[in-house]
Amino acid sequence: MAWVGNPRLEVAREVSEFLDAVFVPGARLGVRADDPLTFITVVEVEEVTTIRVPSGRLIVDSPWSEEAGREIVARIPPGTYRVEAAWTEAPYEHGGDYFDGRECAATRLRVGDDPVAVWEAGIGVNDATQDTVAAGGFSSDSEAMGAIADVEAWEALTAPFHRYRREVSSYGGSGSDRATEDLCDGWFEKSTDEALNADLIAFDVPEGWSPVWIGRTRTGTVSSIIVPGQMATSPLA
């Protein structure tokens, strides 16, 4: 029997088009908000690392949040999964100097290789409503950072972030090293717990609210989980 999803969770056409294109090198995602003549173009899809998810249940939330992590409804098989970054460039000039405008447009947990048939909101198990697209996201706090990790290891894997914040607050300055691994020149952080056989990947997201998108195959299995990054863009006309 063919899988039938919840149509109220399906994303709008323009969002679906963005998600279909954001990991396609050469795709144009829009134009710079401050320069409508300059396209934002996907220039590279890079494997950042892999993370271990021993339970198949995921939290997608800010690693700085003091609340319990936001578990999403979507389930994946326990295993090790690739984390990929979609890099864009949109050149600009500032003060007489020229920059490539390189940004991470989105972070993807690559669950499978089958094509995505439908994109839906990444709603949480404790969301007040589980049938609206608006529920599919998390508060990114002032740190503008998101993370993906196994539910059962979330507390241990976010501990370095909370310890760092406590040290900064207590001593009024910079804290000690966060005991995380910097990846891609600081665009990503990885936290690892060998006792739990699990990892967390943290990445930049828009400040305030960050959507989470789930890509499902025609049979309903999860193929991709995408969290958009910070990218100065406006939709193409």
Heavy-atom pair with the smallest gap, counting every atom of [X] and [Y]:
{"X": "R163", "Y": "A179", "answer": "NH2-CB, 4.1 Å"}
{"X": "E103", "Y": "Q230", "answer": "OE1-O, 3.6 Å"}
{"X": "A156", "Y": "L196", "answer": "CB-CD1, 3.9 Å"}
{"X": "V11", "Y": "A121", "answer": "CG1-N, 4.3 Å"}
{"X": "A117", "Y": "T217", "answer": "CB-C, 3.8 Å"}
{"X": "P160", "Y": "S191", "answer": "CG-OG, 4.0 Å"}

*Begin from the C-alpha positions of T41 and L29 and carry the test side chain to side chain contact (heavy atoms under 4.5 Å, CB included) through to its verdict.*
CA-CA 6 Å; T41 304; L29 303 182; over 6 Å; no
Point-to-point distance, once rounded to the nearest 0.5 Å, from [atom1] of [X] to [atom2] of [Y]:
{"X": "L58", "Y": "I51", "atom1": "CG", "atom2": "CD1", "result": "7.0 Å"}
{"X": "I201", "Y": "T192", "atom1": "CD1", "atom2": "OG1", "result": "9.0 Å"}
{"X": "D150", "Y": "D193", "atom1": "CG", "atom2": "CG", "result": "11.0 Å"}
{"X": "E67", "Y": "D61", "atom1": "CD", "atom2": "CG", "result": "9.0 Å"}
{"X": "R110", "Y": "S223", "atom1": "CZ", "atom2": "OG", "result": "6.5 Å"}
{"X": "F18", "Y": "I226", "atom1": "CZ", "atom2": "CD1", "result": "8.0 Å"}

Looking at residues at least two apart in the chain, or sitting in another chain, which of them share a salt bridge (Lys or Arg N to Asp or Glu O under 4.0 Å) with [X]?
{"X": "E66", "value": "R165"}
{"X": "E17", "value": "R13"}
{"X": "E194", "value": "R52"}

*Can R32 and I40 be said to form a side chain to side chain contact (heavy atoms under 4.5 Å, CB included), step by step?*
CA-CA 6 Å; R32 287 189 64 91; I40 297 175; 4.3 Å; yes
*List, by chain and number, the other hydrophobic cluster members for L37, where Ile, Leu, Val, Met, Phe, Trp and Tyr join if side-chain heavy atoms come within less than 4.5 Å, directly or indirectly.*
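Reading the cluster by chain and number, L37 sits alone, since nothing else belongs.
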I'd like to know if [Y] and [X] are part of one continuous hydrophobic network [Ile/Leu/Val/Met/Phe/Trp/Tyr, side-chain heavy atoms within less than 4.5 Å].
{"X": "V48", "Y": "L157", "answer": "no"}
{"X": "V151", "Y": "L200", "answer": "yes"}
{"X": "V53", "Y": "I148", "answer": "yes"}
{"X": "I123", "Y": "V125", "answer": "yes"}
{"X": "I76", "Y": "L9", "answer": "no"}

Is the shortest heavy-atom distance from the side chain of [X] to the side chain of [Y] under 4.5 Å?
{"X": "K190", "Y": "D199", "value": "yes"}
{"X": "V45", "Y": "P25", "value": "yes"}
{"X": "F138", "Y": "S65", "value": "no"}
{"X": "W119", "Y": "V15", "value": "no"}
{"X": "V43", "Y": "R102", "value": "yes"}
{"X": "V222", "Y": "R75", "value": "no"}
{"X": "D204", "Y": "W187", "value": "yes"}
{"X": "P211", "Y": "P228", "value": "yes"}

*asked:* Check this for me: does any side-chain nitrogen of one of R218 and D114 sit under 4.0 Å from a carboxylate oxygen of the other?
replied: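 Judged by the 4.0 Å cut-off on N to carboxylate O distance, R218 and D114 do not form a salt bridge.
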*Could you check whether the rings of F99 and Y92 sit parallel, tilted or perpendicular, using 30° and 60° as the cut-offs?*
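Judged by the thresholds at 30° and 60°, the geometry between F99 and Y92 is parallel.
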*Flag yes if more than 12 heavy atoms outside E155 fall under 6.0 Å of its CD atom; otherwise flag no.*
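Incorrect, the count does not exceed 12.
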*Starting from the C-alpha separation in whole Å, work towards a yes-or-no answer on side chain to side chain contact (heavy atoms under 4.5 Å, CB included) for V212 and I225.*
CA-CA 7 Å; V212 178; I225 299 173; 4.1 Å; yes
*Excluding sequence neighbours, so at least two apart, what forms ring pair (Phe, Tyr, Trp, His ring centres under 6.0 Å) with F203?*
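Residues passing ring pair (Phe, Tyr, Trp, His ring centres under 6.0 Å) with F203: none at all.
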Backbone N/O of [Y] and side chain of [X]: donor-acceptor pair under 3.5 Å:
{"X": "T38", "Y": "A90", "value": "no"}
{"X": "T158", "Y": "W154", "value": "yes"}
{"X": "R70", "Y": "G137", "value": "yes"}

*Geometric cation-pi criterion, R28 with F39: 6.0 Å, 45°*: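 Yes.
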_My understanding is that only residues two or more places apart in sequence, or in another chain, count here; which of them pass side-chain contact (heavy atoms from CB on, under 4.5 Å) with E189?_
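E189 satisfies side-chain contact (heavy atoms from CB on, under 4.5 Å) with M145, F161, R178, T180, D182, A202 once adjacent residues are dropped.
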*Test W87 against C104 for side chain to side chain contact (heavy atoms under 4.5 Å, CB included), laying out the working first.*
CA-CA 5 Å; W87 298 102; C104 180; 3.7 Å; yes
